[in-house]
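Structure first, commentary second.
As the structure is a prediction and not an experimental result, all values here were calculated from the model.
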Amino acid sequence: MSWAQNIVSVGLLKQVKGRWACLFLDFRFYLPLKTIQGKKETATIRGEVVPFQTKMAQAAQMLIEIAEHFSTVPILAVTDSWFGNNGLWKPAYKAIGNRFNILSRLRCNNVLYDLPEKRKPKQRGRNKKYGQRLGSATDMAKTVQQEARLYNVNLYGKQREVSAYVSVN
């Protein structure tokens, strides 16, 4: 793993002169558990061995600390697919509440489900969590590719045409 993969950071995205800029509000270096357990010099700060945290726990802690500082604004975490699961969502949402949202790429093997059917009156049992299985993100992309629309968006400082499909229930 390169050093760039070992940094977890939280920043503020803003468009400046038509390009996206990021002001980093917090960052941490990720240290593997075996480095900390070995009490290596690289795992110490001012002579103290740092406590171990997973990348998810580090990211959640940073988001929570920033949300506490900006207590009235909504928090949107834009992440790659690696952070797009409950490992980041659950602890951050539990601490921040409805002000927290996450926008993430889907992993190609994520399985997608429709919304569950409405309960019938006096139906026994607990509510269903999922509706009909729709397939993986890759399978869904293949089935809706013909229905996707082209959009012009500002991406990496230039107007680009992207293909997107929207389904709202």
Checklist entry - Roughly how far, to the nearest 0.5 Å, is the NZ atom of K94 from the CD1 atom of I64? => result 10.0 Å
Checklist entry - In chain order, what residues pass the side-chain hydrogen bond (donor to acceptor under 3.5 Å, both in side chains) check against D139, with sequence neighbours excluded? => result S136
Checklist outcome for this item: CG of L106 to CG of L112, rounded to nearest 0.5 Å, is 6.0 Å
Checklist entry - Roughly how far, to the nearest 0.5 Å, is the CD atom of Q61 from the CD atom of Q53? => result 4.5 Å
Item to check | salt bridge (charged side-chain N to carboxylate O under 4.0 Å, His left out) contacts in which one or both residues fall within residues 95-106, not counting sequence neighbours | outcome: none
Checklist entry - Nearest 0.5 Å, what's the CG-NZ distance between L31 and K55? => result 10.5 Å
Next on the checklist: A quick test of your reading: do over 12 heavy atoms of other residues, nucleotides or ligands sit less than 6.0 Å from CD of E117?
Outcome noted: no
Checklist entry - In Å, rounded to the nearest 0.5 Å, how long is the span from CD of Q159 to CG of N152? => result 6.0 Å
Item to check | Under 3.5 Å donor-acceptor, Q37 side chain and K34 backbone | outcome: no
Checklist entry - Restricting to pairs with a member in residues 57-68, which pass salt bridge (charged side-chain N to carboxylate O under 4.0 Å, His left out), not counting sequence neighbours? => result R28-E65
Next on the checklist: For T35, give me all partners under side chain to side chain contact (heavy atoms under 4.5 Å, CB included), at least two apart in sequence or on another chain.
Outcome noted: P32, K40, T42, A43
Item to check | Partners meeting side chain to side chain contact (heavy atoms under 4.5 Å, CB included) with D80 (sequence neighbours left out) | outcome: W82, F83
Checklist outcome for this item: Across all chains, not counting sequence neighbours, the side-chain hydrogen bond (donor to acceptor under 3.5 Å, both in side chains) partners of N127 are R119
Checklist entry - Tell me, which pairs form a ring-ring contact (aromatic ring centres under 6.0 Å, His included) where one or both residues lie in residues 37-81, sequence neighbours left out? => result none
Checklist entry - Would you say V50 and T44 make side-chain contact, with heavy atoms under 4.5 Å? => result no
Item to check | Partners meeting side-chain hydrogen bond (donor to acceptor under 3.5 Å, both in side chains) with T138 (sequence neighbours left out) | outcome: none
Checklist entry - Can you name the nearest heavy-atom pair linking M56 to G87, along with the distance? => result CB-O, 3.7 Å
Item to check | Under the ring pair (Phe, Tyr, Trp, His ring centres under 6.0 Å) test, residues paired with Y151 that sit two or more places apart | outcome: none
Checklist outcome for this item: In terms of heavy-atom contacts, A60 and L88 come closest through N-CD1, 3.5 Å
Checklist outcome for this item: Residues passing the side chain to side chain contact (heavy atoms under 4.5 Å, CB included) test with A148, sequence neighbours excluded, are S163, Y165
Item to check | Atom pair CZ/CG of R160 and L150 - distance to nearest 0.5 Å | outcome: 15.0 Å
Item to check | F100: side chain to side chain contact (heavy atoms under 4.5 Å, CB included) partners, not counting sequence neighbours | outcome: L63, I75, A77, W89, A92, Y93, I96, I102
Next on the checklist: Going by ring-ring contact (aromatic ring centres under 6.0 Å, His included), name the pairs with one or both residues in residues 102-123, residues two or more places apart or in two chains.
Outcome noted: Y113-Y130
Next on the checklist: Could you see if V166 belongs to whatever hydrophobic cluster contains V153? Use Ile, Leu, Val, Met, Phe, Trp, Tyr and a side-chain cutoff under 4.5 Å.
Outcome noted: yes
